[in-house]
Student: 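I have a structure I would like to understand better, so I am pasting it below and will then ask my questions one at a time.
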2 protein chains.
Amino acid sequence: MSYTKTEENYLKAIYGLESKFGKSVSTNDLANKLKTKASSVTDMVKKLSKKELITYEKYQGVSLTKCGKEIAINIIRNHRIWEVFLVEKLGYKWDEVHEIAEQLEHIKSEELVDRLDDFLEHPSFDPHGDPIPDKKGNIPTRKKAIQLSELGIGEEGIIVGVKNTNNEFLQYLEEMNLTLGKKIQVEKEFDFDKSKIIKTDNQSVTISKEVSSHLIIEKK
Amino acid sequence: MSYTKTEENYLKAIYGLESKFGKSVSTNDLANKLKTKASSVTDMVKKLSKKELITYEKYQGVSLTKCGKEIAINIIRNHRIWEVFLVEKLGYKWDEVHEIAEQLEHIKSEELVDRLDDFLEHPSFDPHGDPIPDKKGNIPTRKKAIQLSELGIGEEGIIVGVKNTNNEFLQYLEEMNLTLGKKIQVEKEFDFDKSKIIKTDNQSVTISKEVSSHLIIEKK
DNA sequence: TAAAATTTTTAGATAAGTCTAAAAATTTAT
DNA sequence: ATAAATTTTTAGACTTATCTAAAAATTTTA
Ligand SMILES: [Mn+2]
Ligand SMILES: [Mn+2]
Ligand SMILES: [Mn+2]
Ligand SMILES: [Mn+2]
């Protein structure tokens with residue numbers, strides 16, 4: 001069985017919202033995430049429900065079935081593997097790959113992404129630090145990853161992920177020298193707004209709570 | 001300006017038929033090539049005409065405008081570069097890549113295929129020996145390429161292309177050891193049906209006129 | 001708990017691309 | 001030059017995914 005690009009995007013969006021909020025997904029939230037109208041969502045949700053990819057009851061929101069979840073995770077796998085390819089092999093920057101991966105993730109082929117995965121030597125994380133599900137849907141985890149906002153003064157860590165893949169944010173991080181793999185140390189924290197001074201290899205930068213809560217760190 | 005997958009496929013098909021027959025393309029031929037109905041073709045052809053990608057007069061068939069031709073060639077460029085990638089980097093066989101490239105050719109990105117082209121070190125021909133247009137639309141040519149059917153007894157050459165990318169044909173060639181780059185020599189020709197005995201590096205095979213006329217050779 | 005606000009669904013339209021059946025135009029054959 | 005055959009176009013319908021506006025259900029507020 002094969003699904004339309006639209007169906008796949010709905011499943012992916014439902015998966016994302018379900019994981020984020022830990023409960024069934026509302027029509028409005030879905031409409032908002034997919035930049036469409038609630039009425040359109042209702043239509044599609046009925047269709048996906050009939051195909052048993054989601055469970056849906058009027059006014060109660062939706063959640064993925066086992067099958068729907070598998071499909072969603074597979075699309076996410078495709079997306080992230082393509083992002084690795086674009087950055088590692090074609091030299092794209094991490095803020096340039098998302099849109100293209102949004103297209104590539106829908107290419108229909110049993111083998112393609114598995115071959116690409118071999119070619120890339122089975123990466124576990126994408127250019128934004130997000131985990132890449134394996135063929136069976138298992139998602140790698142990081143043992144002791146925390147938000148930079150939780151790191152105390154003097155403590156050291158390595159940047160392993162970003163919790164926001166907005167292009168401007170990624171470009172900002174690039175300028176601040178806060179990219180994946182960078183070793184950092186908390187130099188100071190300002191109580192009044194929880195902003196921090198962060199020491200990287202060659203400079204110190206001040207970042208807001210907003211920023212530090214979107215950076216994922218592995219403690220040294 | 002960006003076009004739908006369908007529009008792009010129509011332009012590509014028109015380009016192919018126009019090149020092949022050297023005259024304007026009929027509704028029926030187009031319908032046949034695109035595996036759709038003549039009535040659907042008439043609709044789309046009106047649409048492309050309004051966009052000035054083709055010229056169209058009722059009952060007179062269509063031909064590409066400069067702009068339409070540029071788009072068609074660009075899609076072909078995409079297709080062939082992706083085919084090279086699939087074969088060279090992901091280890092696909094030449095009979096496995098066409099369908100996937102049919103999808104990949106429509107990915108919308110200014111840069112993607114150019115970067116891929118760099119990554120592949122600017123190939124001039126795809127895995128089937130078809131020329132890859134450059135970014136400006138220039139199509140590489142081979143000076144002295146001829147059909148194997150034109151090669152005389154005793155003459156030698158190298159296989160540089162196939163004029164039919166049907167999967168079964170490609171698999172047949174593989175079995176006969178008649179793949180791109182192979183050196184061959186005409187051992188014998190049978191007058192009654194123009195079939196030939198061909199010597200390759202390690203064996204002799206008999207092939208029909210049908211087959212030899214679809215193999216492109218560069219004379220030694 | 002009743003009114004107000006919000007969310008969700010329904011009803012009806014639209015656009016792209018496709019199809020069948022029938023009409024119109026063109027080409028081929030007699 | 002007509003008739004017959006073929007090609008092409010038109011007319012009308014269908015599917016998918018969308019939208020707006022209005023109705024219905026649910027949740028919040030007072
Ligand atoms: Mn992404
Ligand atoms: Mn990512
Ligand atoms: Mn091809
Ligand atoms: Mn090819």
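Below, read A as the first sequence line, B as the second, and so on, with proteins coming before strands; counting in each chain starts at 1.
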Student: For the pair made of CD in A:Glu7 and C1' in D:dT16, what is the distance, rounded to whole Å?
Tutor: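 Spelled out: CD on A:Glu7 to C1' on D:dT16 is 10 Å.
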Student: Which of these, A:Glu83, A:Glu8, A:Glu105, A:His106, sits in a side chain to side chain contact (heavy atoms under 4.5 Å, CB included) with A:Asn78?
Tutor: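 For A:Asn78, the side chain to side chain contact (heavy atoms under 4.5 Å, CB included) test succeeds with only one of A:Glu83, A:Glu8, A:Glu105, A:His106, which is A:Glu105.
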Student: Can a donor-acceptor pair be found between the side chains of A:Ser24 and A:Ser63 at a distance below 3.5 Å?
Tutor: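 There is no such pair between these side chains.
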Student: Between P on C:dT18 and CG on B:Leu30, what's the gap in Å once rounded to a whole number?
Tutor: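 Answer to the nearest Å: 11 Å.
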Student: Over how many whole Å does the gap from A:Lys51 atom NZ to D:dT16 atom C1' extend?
Tutor: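 Taking NZ of A:Lys51 and C1' of D:dT16, I get 10 Å after rounding.
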Student: Rounded to whole angstrom units, what separation is found between the NZ atom of A:Lys5 and the P atom of D:dT15?
Tutor: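 Taking NZ of A:Lys5 and P of D:dT15, I get 23 Å after rounding.
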Student: Measure from NZ on A:Lys50 to C1' on D:dT16 and round the result to the nearest Å.
Tutor: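 Nearest whole value for this atom pair: 13 Å.
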Student: Examine C:dT20: is either OP1 or OP2 under 4.0 Å from a nitrogen or oxygen in the side chain of B:Lys37? Give yes or no.
Tutor: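 Yes.
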Student: Between A:Glu96 (side chain only) and A:Lys93 (backbone N and O only), is there a donor and an acceptor less than 3.5 Å apart?
Tutor: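 A pair under 3.5 Å: yes.
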Student: Taking only distance into account, with no hydrogens and no angle test, what donor-acceptor pairs under 3.5 Å do side-chain atoms of residues 111-125 of chain B form with protein atoms, sequence neighbours excluded?
Tutor:
| from | atom 1 | to | atom 2 | distance (Å) |
| --- | --- | --- | --- | --- |
| B:Glu111 | OE2 | B:Arg115 | NE | 3.1 |
| B:Glu111 | OE2 | B:Arg115 | NH2 | 3.2 |
| B:Asp114 | OD1 | B:Arg77 | NH2 | 2.6 |
| B:Asp114 | OD2 | B:Lys135 | NZ | 2.6 |
| B:Arg115 | NH1 | A:Leu90 | O | 2.8 |
| B:Arg115 | NH1 | A:Gly91 | O | 3.0 |
| B:Asp117 | OD2 | B:His122 | ND1 | 2.8 |
| B:Asp118 | OD1 | B:His122 | NE2 | 3.3 |

Student: Look at A:Thr27 and C:dT9 and indicate whether a side-chain polar atom (N or O) is within less than 4.0 Å of OP1 or OP2.
Tutor: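 A:Thr27 to C:dT9 OP1/OP2: side-chain N or O found under 4.0 Å.
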Student: Donor-acceptor pair under 3.5 Å: do we get one between B:Ser39's side chain and the base of C:dT20?
Tutor: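 For B:Ser39, whose side chain was compared with the base of C:dT20, there is a donor-acceptor pair (under 3.5 Å).
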Student: Can you tell me if the side-chain N/O atoms of A:Ser40 get under 4.0 Å from OP1 or OP2 in D:dC19?
Tutor: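 A:Ser40 to D:dC19 OP1/OP2: side-chain N or O found under 4.0 Å.
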Student: Quick one: is A:Asn28 getting a side-chain N or O under 4.0 Å of the C:dT6 phosphate, OP1 or OP2?
Tutor: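 False: A:Asn28 side-chain N/O out of range (4.0 Å or more) of C:dT6 OP1/OP2.
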Student: Considering every strand and a 4.0 Å limit on heavy-atom distances, what is the contact class for B:Lys46: base, sugar-phosphate, or nothing?
Tutor: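 Answer is sugar-phosphate: B:Lys46 comes under 4.0 Å of backbone atoms only.
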Student: Please tell me if B:Thr36 has a side-chain N or O lying less than 4.0 Å from either OP1 or OP2 of C:dC19.
Tutor: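 True: B:Thr36 side-chain N/O within range (under 4.0 Å) of C:dC19 OP1/OP2.
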Student: Figure out the CG/P separation between A:Asn32 and C:dT6, and round it to whole Å.
Tutor: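 In whole Å, C:dT6 P and A:Asn32 CG are 16 Å from each other.
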Student: Please state how far atom CG in B:Leu34 lies from atom P in C:dC19, giving the value in whole angstrom units.
Tutor: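 Taking CG of B:Leu34 and P of C:dC19, I get 11 Å after rounding.
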Student: Is A:Val45 close to A:Leu30 at the side-chain level, that is, under 4.5 Å between some pair of heavy atoms?
Tutor: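 SC-SC contact between A:Leu30 and A:Val45 confirmed.
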Student: If we check side chain to side chain contact (heavy atoms under 4.5 Å, CB included) with B:Lys196, which of these qualifies: B:Val211, B:Val205, B:Thr206, B:Val186?
Tutor: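 When side chain to side chain contact (heavy atoms under 4.5 Å, CB included) is applied between B:Lys196 and each of B:Val211, B:Val205, B:Thr206, B:Val186, only B:Val186 qualifies.
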Student: Quick one: is B:Tyr10 getting a side-chain N or O under 4.0 Å of the C:dT18 phosphate, OP1 or OP2?
Tutor: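 Yes, within the criterion.
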Student: Might you list the N or O atoms of the protein lying below 3.5 Å from N or O atoms in nucleotides 22-29 of chain C, with each pair's distance?
Tutor:
| from | atom 1 | to | atom 2 | distance (Å) |
| --- | --- | --- | --- | --- |
| C:dA25 | O4' | B:Tyr59 | OH | 3.1 |

Student: Round to a whole Å and report the spacing from CD of A:Glu57 to P of C:dT9.
Tutor: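 Rounding to the nearest Å, CD of A:Glu57 and P of C:dT9 are 11 Å apart.
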Student: Across the strands shown, which category fits B:Thr42 at heavy-atom distances under 4.0 angstrom: base, sugar-phosphate, nothing?
Tutor: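 The answer is base, as B:Thr42 lies within the cut-off (heavy atoms under 4.0 Å) of a base atom.
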Student: Would you mind reporting whether B:Ile207 and B:Tyr172 have side-chain heavy atoms less than 4.5 Å apart?
Tutor: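 With C-beta onward as the side chain, the pair touches.
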